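Everything on this sheet refers to the single structure shown next.
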Amino acid sequence: MPVSNGDIARIFERYAMLLEIDDANPFRVRAYQNAARVIQGLPKSVADLLGEGEDLTQLEGIGKDLAGKIEEIVRTSRLGKLEALEKRVPAALAELMALPGLGAKRVKLLHEKLEVCSLEDLERAARTGRIREIPGFGPKTEHKVLNAIARRRGREAQLQWVEAEQVAKPLLRELRTVTGVNTVVVAGSFRRSRDTVGDLDILATAGDSTRVMQTFVNYEDVAEIVSSGSTRATVRLRNGLQVDLRVVPEASYGAALQYFTGSKAHNIALRARAAKRGLKLSEYGLFKGRARVAGRSEQEIYRKLKLAYIEPELREDRGEIAAAEQRTLPKLVKVDDLRGDLHCHTNASDGRETMPAMVRGAQELGYEYLAISDHTQRLRIANGLDAKRLRLQLAKIDRLNETLGRFRLLKSAEVDILEDGSLDLPDEILRDLDVVVCAVHYKFELPRKRQTERIIRAMDNRYFNILAHPSGRLLGERDAYPIDMERLMAAAVERGCFLEVNAQPKRLDLTDADCRMAKDMGLKLAISTDSHSAAQLANMRLGVAQARRGWLEAGDVLNAQTWPALAKLLKRS
DNA sequence: GCCGTTTTCGGCCCGACTGTTTTCAGTCG
């Protein structure tokens, strides 16, 4: 089993935590954390990079030493230094550091004074009242530790972005009613449009923060007030979601929004850039000495740092700052750029609505075209269409198209990719479709190589156009099946096929990093909703957000093209 | 451990809140 980027990142994160407990140089610790983040965000597998003889020190934050350690991990699946360190610092202490309120210093103290080595030890120590006896600890800390352990056992998952939005909306509405409050927005990973959100960071501006703070901590859905000061408070809602509120004066709004939008890595890089220019950047503004030179808007801050404005979706320290400096940032695709949807279902298979209802939905969104791509025969549970039923559907589409004026209904199907890589319908009918969407719906557990080759074989069919939900992941439910995404994309480029960014909230598949790799490889992508009702067509915004995180521009997106242009792209020679 | 149009050595983001303390260290974002 090849070592994945996630494996390497986890080893480095773990090493960083144990180093911190071991009192190592904090910047050395950060170097490992950085490396973990960089590797995690890489679209290509590091193991493959090495196989191709790439020089890993070209990667941001990876020097000679770390490159050597990565090679060691890829070669042996282990890191000798980590194992050596674990002889001195019990490995389980890293678990404890992940508990909120416990950092390296306290974990170390707990270990030294109470011989705590595991979550169980910690719980026992807390229950028997021994934690409060350590200098610097007290009854409150002891209580917090017990709470944190209980929550860890419950382990609330990250929310899908849409779920977070549903929580945020009513809360924002309430905060906006407070007198004296001007602006209330959500910042953080939510504003960066990450596929999942671990907490909500809300930013408000007000002359006087007292009222809005009070409203916040008294919000009906609050289960626990974690902390509350005059400008900042943290609560936990009943569903387990943590929400932070910061209140700043109007003159700091831009700086605060920039700061609370993150990411942390982006901010660190930005602040270092400010410092290099003799400036200081904080959530209150950009300062030269004591004078504030920017702060009212984000645009102003980036401008004063000699950078083009960086869209929130790009702020991950994945090269956006250099691109902003060189004025080479992408002009990110927008929902308005899209002219149609290339993947949806009707009640002929497992959709909930009729074809005309789906058409009306697409027309209301201002689209020029919509592909009807119902499931095919193998997917019995979804009432998949065989060639005969599909023929009838195609005739129906012809008749409907005559009534639709300039709007065009595209003939399509979501064709199952069978285990041997053949397609679930004969060429004689695929030939008559405008766009052939193909997908894997079973045999997810094939080894990486076989799964990859299964799909590439399917692409060999000259009627194959778009691979739907290419990794098969379901957020919080099912991991992506093992697949060599780079090889898949290279095969698609060679054959003139395309991949899909599936916009369903729990799919968002391809990932942001995959989108970035596709762009780098010159592979265009479709952003499709895979709608099973007309209302779901509006999920397009989620897919667009994901694509924006992957640096995609309108020119990189199939369904941002007019139908004649798209038709040309879909024609394989 | 990384990195370099101020540097190959000496830097490495910045501030709020808590709990414990009596002026601050630790943690978090």
Side-chain angles (χ1 to χ4, degrees), chain A residues 12 15-17 19-21 23-38 56-70 81 96-110 131-145 148 187-190 192 198-203 209 213 217 225-235 242-248 252 255-256 258-287 305-306 317 321 325:
Chain A
F12 280 167
Y15 193 53
M17 284 197 264
L19 275 179
E20 210 179 343
I21 296 171
D23 245 347
N25 176 344
F27 297 105
R28 192 171 154 225
V29 173
R30 188 196 280 171
Y32 281 98
Q33 291 167 337
N34 255 332
R37 180 181 55 77
V38 166
L56 296 184
T57 63
Q58 295 303 305
L59 296 173
E60 188 71 32
I62 309 288
K64 253 182 93 179
D65 182 277
L66 283 172
K69 290 196 167 76
I70 294 170
K81 283 268 197 166
L96 304 187
M97 265 186 74
L99 292 174
L102 288 189
K105 298 276 163 52
R106 287 180 161 177
V107 167
K108 190 179 184 194
L109 263 178
L110 286 164
I131 287 183
R132 67 180 71 187
E133 291 163 5
I134 305 175
F137 288 63
K140 286 218 169 170
T141 307
E142 197 170 86
H143 196 69
K144 270 190 164 175
V145 162
S189 56
F190 181 87
R192 301 200 311 279
D199 62 3
L200 284 178
D201 297 291
I202 298 179
L203 175 67
S209 63
M213 277 297 166
V217 297
I225 300 171
V226 180
S227 74
S228 101
S230 60
T231 66
R232 168 181 200 149
T234 300
V235 301
Q242 180 173 305
V243 187
D244 292 346
L245 172 66
R246 289 288 296 248
V247 184
V248 298
S252 299
Q258 193 289 313
Y259 175 70
F260 293 111
T261 297
S263 64
K264 186 174 177 166
H266 176 85
N267 285 354
I268 288 175
L270 215 57
R271 286 175 177 209
R273 184 181 175 87
K276 216 185 253 177
R277 287 171 166 65
L279 302 167
K280 189 185 67 162
L281 179 61
S282 77
E283 57 262 55
Y284 296 108
L286 185 63
F287 295 89
L305 289 172
K306 302 269 187 289
D317 196 20
I321 293 177
E325 184 173 54

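So that the names make sense, note that chain A is the first sequence line, chain B the second, and so on, each numbered from 1. Scope of the values below: all heavy atoms of this structure, side chains included, with no hydrogens, waters or symmetry mates. Here the structure is a predicted model, which means the values were calculated and not measured.
Scanning all heavy atoms of the two residues, the minimum distance from Pro135(A) to Leu109(A) falls at O-CD1, 4.4 Å. For the pair Ile21(A) and Ala104(A), the tightest heavy-atom approach, listed with the atom from each and the gap, is N-CB, 3.8 Å. Among all heavy-atom pairs drawn from Leu96(A) and Leu102(A), the shortest one is O-CB, 3.7 Å.
When rounded to the nearest whole Å, the span between CZ of Arg277(A) and C1' of dT6(B) equals 12 Å. Atom NZ in Lys108(A) sits roughly 15 Å away from atom C1' in dA25(B) (whole-Å rounding). Arg273(A) places its CZ atom 17 Å from the P atom of dC3(B), with the value rounded to the nearest Å. Going from atom CD of Gln33(A) over to atom C1' of dG29(B) covers 13 Å, rounded to whole Å. Atom CG of Leu99(A) and atom P of dG29(B) are 13 Å apart (whole Å). Regarding Met97(A), its CE atom lies at a distance of 11 Å from the C1' atom of dG26(B), rounded to whole Å. Spacing between atom CD1 of Ile21(A) and atom P of dT27(B) amounts to 10 Å, rounded to whole angstrom units. The distance between atom CZ of Phe137(A) and atom P of dT18(B), rounded to the nearest whole Å, is 18 Å.
Remark: the separation of the P atoms in dG1(B) and dT6(B) is 28 Å, to the nearest Å. For dA16(B) and dG11(B), the C1' atoms lie 26 Å apart once the distance is rounded to whole Å. For dG29(B) and dT23(B), the P atoms lie 29 Å apart once the distance is rounded to whole Å. Comparing the C1' positions of dT22(B) and dC28(B) gives an interatomic distance of 24 Å, to the nearest angstrom. Distance noted for atom P between dC2(B) and dG15(B): 28 Å (whole Å). Look at the C1' atom in both dT7(B) and dC12(B): the space between them is 13 Å, to the nearest Å. Nucleotides dG26(B) and dT20(B) place their P atoms 14 Å apart, quoted to the nearest Å. Using atom P as the reference point in both dC9(B) and dT5(B), the two lie 16 Å apart (nearest Å).
Residue Leu270(A) is classed as having no contact, given no heavy-atom separation below 4.0 Å to the nucleic acid. At the heavy-atom level, Glu20(A) lies nowhere under 4.0 Å from the strands shown. Pro100(A) comes within 4.0 angstrom of sugar-phosphate atoms only, judged by non-hydrogen atoms across all strands, and of no base. Lys69(A) comes within 4.0 angstrom of sugar-phosphate atoms only, judged by non-hydrogen atoms across all strands, and of no base.
Using modelled atom types and a 3.5 Å distance limit, the side chains of Gln258(A) and Asn267(A) yield a donor-acceptor pair.
Judged by Watson-Crick or G-U wobble contacts below 3.5 Å, the nucleotide dT27(B) has dA16(B) as its partner.
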Under the side-chain hydrogen bond (donor to acceptor under 3.5 Å, both in side chains) criterion, do Tyr32(A) and Lys69(A) qualify, and how do the steps go? CA-CA 11 Å; Tyr32(A) 281 98; Lys69(A) 290 196 167 76; 3.2 Å; yes
Worked check of side-chain contact (heavy atoms from CB on, under 4.5 Å) between Glu283(A) and Val248(A): CA-CA 9 Å; Glu283(A) 57 262 55; Val248(A) 298; 5.6 Å; no
What verdict does the salt bridge (Lys or Arg N to Asp or Glu O under 4.0 Å) test give for Arg106(A) and Glu142(A), after you've listed the backbone C-alpha separation in whole Å, the side-chain angles of each residue and the deciding distance to 0.1 Å? CA-CA 12 Å; Arg106(A) 287 180 161 177; Glu142(A) 197 170 86; over 6 Å; no
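With Asp317(A) as reference, Arg37(A) is the one residue of Lys264(A), Arg37(A), His266(A) to meet the side-chain hydrogen bond (donor to acceptor under 3.5 Å, both in side chains) rule.
The glycosidic torsion of dT7(B) lies within 90° of 0, placing the base in the syn range.
Two residues, Gly278(A) and Thr141(A), neighbour DNA chain B, and the one matched to the more 5' nucleotide by heavy-atom proximity is Gly278(A).
The side chain of Gln242(A) contributes an N or O atom lying less than 4.0 Å from OP1 or OP2 of dG29(B).
Proximity of Thr261(A) to Arg192(A): side-chain heavy atoms (C-beta onward) are separated by under 4.5 Å at one or more points.
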Could you encode protein contacts along nucleotides 7-17 of chain B as a string, one character per nucleotide from 5' to 3', using B for base contact, S for sugar-phosphate-only contact and - for no contact, with a heavy-atom cut-off of under 4.0 Å? -----BBBBSS
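Here the nucleotide nearest the side chain of Tyr32(A), chosen from dG19(B), dG29(B), dG1(B), is dG1(B). With dG19(B), dT27(B), dC2(B) as the candidates, the nucleotide lying closest to the side chain of Leu66(A) is dC2(B).
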